[in-house]
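As structure tokens, the structure follows; a few thoughts come after it.
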Amino acid sequence: MNSEIEKRVGSNIRIFRERAGFTQDYVAAKLQLAGCDITRSALAKIEVGQRHLYPDEVILLKKILNVSYDDIFNLD
């Protein structure tokens, strides 16, 4: 995947997480409870584009952050 796209998608996730008033710890815990093997550190890396997202993580982040796939993958 293109690193600029990964950075933008990660930034989108960070923006929506912050708008929801959630910490990285909270979102990571919600992901873990839903079955994703992820740490706060891994979420931080996703938010800066240093770690790839897995499909199950995207699906759960959409639900946790109450956003659409278009919101997550918006490249504008």
Less than 4.5 Å apart, any side-chain heavy atom of [X] and any of [Y]?
X: R17; Y: L65; value: yes
X: E47; Y: Q24; value: yes
X: Y69; Y: I59; value: yes
X: N74; Y: N12; value: yes
X: V58; Y: F73; value: yes
X: I64; Y: F22; value: yes

Once you round to the nearest 0.5 Å, how far does [atom1] of [X] lie from [atom2] of [Y]?
X: I46; Y: L53; atom1: CD1; atom2: CG; answer: 4.5 Å
X: D71; Y: L61; atom1: CG; atom2: CG; answer: 12.5 Å
X: R8; Y: N2; atom1: CZ; atom2: CG; answer: 13.5 Å
X: D70; Y: K62; atom1: CG; atom2: NZ; answer: 10.0 Å
X: K45; Y: S41; atom1: NZ; atom2: OG; answer: 4.5 Å

Is there a chain of hydrophobic side chains (I, L, V, M, F, W, Y, each step under 4.5 Å between heavy atoms) that links [X] to [Y]?
X: I15; Y: L75; answer: no
X: L43; Y: Y26; answer: yes
X: V27; Y: I72; answer: yes

What I want to find out is whether R14 reaches E18 closely enough, with some N-O distance under 4.0 Å, to be called a salt bridge.
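E18 and R14: salt-bridged.
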
Are any of the side-chain nitrogens in R51 or E57 under 4.0 Å away from the carboxylate oxygens of its partner?
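Yes, charged N to carboxylate O under 4.0 Å.
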
Side-chain (D37) to main-chain (Q32) donor-acceptor, under 3.5 angstrom:
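No, the answer is negative, given that no donor and acceptor are paired below the 3.5 Å cut-off.
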
